[in-house]
S.K.: 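My questions all concern the structure below.
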Amino acid sequence: MKAAWIIAKREILSFFLSPLAYVVLTAWTLWQGATYAIFCYYVAGSPVGSGVENDPLAMLFGQTTLFYIPLLVFVPLITMRLLAEETRQGTLETLLTAPVTSVQVVMGKYLAALVFWLSLWVPTLMYVWLTSRFGDLDAGRLLASYLGILGVGAYYMSLGLLMSALARAPMSAAILTFLALASLFALGIVQFLPVSEAALEVVRYVSVWQHMQNFSSGVVDSRYLVYDLSLSVFGLFGAVQVLEARRTHP
Amino acid sequence: MIEVEHLSKYYGERLAVSDLHFQVQAGEIIGFLGPNGAGKSTTLRMIAGFLPPSAGRIRIDGIDILEHPAEAKRRIGYMPEAVPLYPEMRVREYLRFRAELKGVPRSKIASRIEESLHMAGAAEVANRIIGQLSKGTRQRVGLADALVADPPVLILDEPTAGLDPNQIREVRRVIRSLYGKKTVILSTHILPEVEASSTRILIIHRGRLVCEGPPDRIRSMALRPAFLLLSRASHSQILSALEGLPGLPKVHARGEREGELCRYEIEFEESKHSPEELGELIFKHIAKAGLSLSELRIRTSLEDVFSALTTSEPVEEGGKSPLPPSQA
């Protein structure tokens, strides 16, 4: 685990030394700020109540598609470099000839990715403060929202890492990650189609829409956490396998 | 220290390394010599534990690199051919990362970084950003990385590629200073390169070990003077004309008649004379005997291997350039 942490530290340092990090964080914070402002206006004009439609934070954290769509763009940007950059610049060779295992490399990169993910959400604490200052804060709903974000992040980062292992250049990793996340997102649309009850059940389970709608309205459904965890493990396992194969066919 | 047993590597159908078998004793500096594409890098990558071999075993200090990769890699400092580095990091930051990754104890990291920077001659760039360094300086940072954990084995893939003559001399000095302290394998496609710093040379060609031995033996084999001669004269005429030349020349008629001319091959045993001097002597003897001489040029006996090796690279430190004398 120590080797994983050393790798994570370097990755985090490199990310925050790159202009990319600041472009992504600035754009993301602007987007979040704008949507939060829109939701506040909306709530201000609505009849008084305590439901999610009266909670700008709940709306921000998954009640509308304004939550999911920017993530399809921003997640690939923060995960694309993880392993693809090492492959592109050849440093994978020095990394893997150090006394570390592929599992340690993947875990280190994953740890770094989780830190990037959390860095996207730290600025939202500002809105939490604003909401508590000028309105009513539902603490339970808020904690459930952050838990949901952590769960979604766990598998988004894992899938991004897998795509970054598969690709030989960051740009292709970004495109692959976008396709993967967009496909999962598109599955959510199926629940609005006339499909069988069984299909509906499955689609709701794998859909990030339903996932975050539940969590942001304060419903912690452990099935989603199991889903997040399984998909994360799948992505990490895949990334380790790809890394091993990459050594056989450099 | 390093045992390589029947090592082979296939890339798909292509055999890149074929049944390599050799051992390196502790303290030796091995020069791995061969033309580009001979399988040098592939072999070194397998020894460093980056590529898994298709067949064969590699043991570092008695530890099998496939069975106990982490243990074996802890004993190796490896510098890949392209010297990949993280461009956004500073040199010292990078070495700290590498030292931590290689398990250098926390209390020793600072002193190990300074020592490796000093040994590799990179101390003055310690605070520079890697992305702004020149090729030669990057090479030295790579060397410092290989040295940072003080490993008993160093594997250096083309450590002087792309350097200017001063930098080459500097890197050779560093490598020679490791003699007796570290076990080193370095690869190159330039003969004088390994002559200057190795205690033993392995020549690899098309994935096979062609020959091995100490540098002076390899040199005498490679540079044992031989000449190609094109003349109207008969075999016996040539033989008697060359009688009395030092180094007991053997003359073979290749039997290739080219019109009126015949092609001869003249080989010498060990000779004190340089190829140029021998060429002049042959010319004088043939002229004195009044025989015709249409062409005379030097041939080296490992020509097929070395034609790719000894050309167009800076030769220095006593290296002799076997330029053909232009007599006719």
Side-chain angles (χ1 to χ4, degrees), chain A residues 1-23 80-109 111-112 116 168-170 240-250, chain B residues 9-12 16 41-42 44-54 60 63 65-66 68-90 93-94 96-104 106 109 129-131 141-142 145-146 148-149 151 155 157:
Chain A
M1 210 53 214
K2 194 172 163 236
W5 173 238
I6 295 165
I7 292 166
K9 260 194 330 191
R10 198 213 63 79
E11 186 68 33
I12 294 163
L13 175 82
S14 279
F15 182 70
F16 285 106
L17 282 176
S18 72
L20 175 76
Y22 299 96
V23 171
M80 65 181 185
R81 295 178 68 215
L82 292 169
L83 280 165
E85 182 75 358
E86 302 261 6
T87 310
R88 192 184 62 81
Q89 65 193 14
T91 41
L92 197 62
E93 188 168 354
T94 43
L95 191 58
L96 291 177
T97 47
V100 296
T101 62
S102 299
V103 175
Q104 286 169 324
V105 171
V106 166
M107 288 315 290
K109 296 290 180 178
L111 216 57
F116 304 160
R168 281 165 193 271
V240 171
Q241 298 309 311
V242 171
L243 215 52
E244 290 289 324
R246 177 69 30 103
R247 305 168 85 154
T248 323
H249 309 284
Chain B
K9 178 72 187 175
Y10 283 91
Y11 287 121
S41 287
T42 302
L44 296 189
R45 282 173 149 191
M46 287 192 281
I47 299 173
F50 181 60
L51 291 180
S54 305
I60 309 290
I63 300 163
I65 195 138
L66 287 179
H68 304 285
E71 274 307 298
K73 286 176 194 170
R74 220 175 282 282
R75 288 162 170 73
I76 300 174
Y78 171 51
M79 180 174 131
E81 187 176 1
V83 200
L85 300 166
Y86 300 101
E88 67 278 5
M89 294 178 95
R90 289 179 194 278
E93 264 169 8
Y94 174 68
R96 171 167 294 275
F97 162 67
R98 296 294 294 172
E100 287 180 359
L101 202 61
K102 292 174 179 183
V104 176
R106 189 174 289 268
I109 286 180
I129 292 169
I130 290 171
V141 174
D145 167 31
V148 76
I155 298 174
D157 198 353

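Convention: sequence-line order gives letters A, B, ...; per-chain numbering from 1.
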S.K.: Locate the shortest heavy-atom distance separating A/Thr91 from B/Tyr86; write the atom from each residue and the value.
M.R.: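 The answer is OG1-CE2, 3.5 Å.
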
S.K.: With a 4.5 angstrom heavy-atom cut-off, could you sort out which part of B/Ile155 is near chain A: side chain, backbone, both or neither?
M.R.: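 For B/Ile155, there is no contact with chain A at all, as no heavy atom is under 4.5 Å.
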
S.K.: Check whether B/Arg98 gets within reach of chain A through its side chain, its backbone, both or neither, counting any heavy atom under 4.5 Å.
M.R.: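 Just its side chain gets close to chain A.
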
S.K.: Side chain, backbone, both or neither: which part of B/Glu93 has a heavy atom under 4.5 Å from chain A?
M.R.: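 Just its side chain gets close to chain A.
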
S.K.: Of the backbone (N, CA, C, O) and the side chain (C-beta and beyond), which part of A/Thr101 lies under 4.5 Å from a heavy atom of chain B, both, or neither?
M.R.: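 Contact with chain B: none, neither part.
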
S.K.: Can you name the nearest heavy-atom pair linking B/Gly49 to A/Thr97, along with the distance?
M.R.: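 Taking B/Gly49 first and A/Thr97 second, the nearest heavy atoms are C-CG2, 4.4 Å.
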
S.K.: How far apart are the closest heavy atoms of A/Pro99 and B/Ala70, and which atoms are they?
M.R.: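 Closest approach of A/Pro99 to B/Ala70, heavy atoms only: CB-O, 3.5 Å.
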
S.K.: Can you tell me which portion of B/Ala48 sits under 4.5 Å from chain A's heavy atoms? Options are side chain, backbone, both or neither.
M.R.: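 B/Ala48 touches chain A through backbone and side-chain heavy atoms alike.
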
S.K.: Only heavy atoms, only distances under 4.5 angstrom. Which residues in residues 6-13 of chain A are near chain B?
M.R.: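 From residues 6-13 of chain A, the residues near chain B are A/Ile6, A/Ile7, A/Lys9, A/Arg10, A/Leu13.
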
S.K.: At a heavy-atom separation under 4.5 Å, does A/Glu86 approach chain B through its side chain, its backbone, both, or neither?
M.R.: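 Side chain of A/Glu86 only, per the 4.5 Å heavy-atom cut-off to chain B.
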
S.K.: Is a side-chain donor or acceptor of B/Lys73 paired with a backbone partner of A/Leu96 at a separation under 3.5 angstrom?
M.R.: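 Between the backbone of A/Leu96 and the side chain of B/Lys73 there is a qualifying donor-acceptor contact (under 3.5 Å).
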
S.K.: Could you tell me whether the side chain of A/Val100 reaches within less than 4.5 Å of the side chain of B/Leu101, counting heavy atoms only?
M.R.: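 With C-beta onward as the side chain, the pair touches.
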
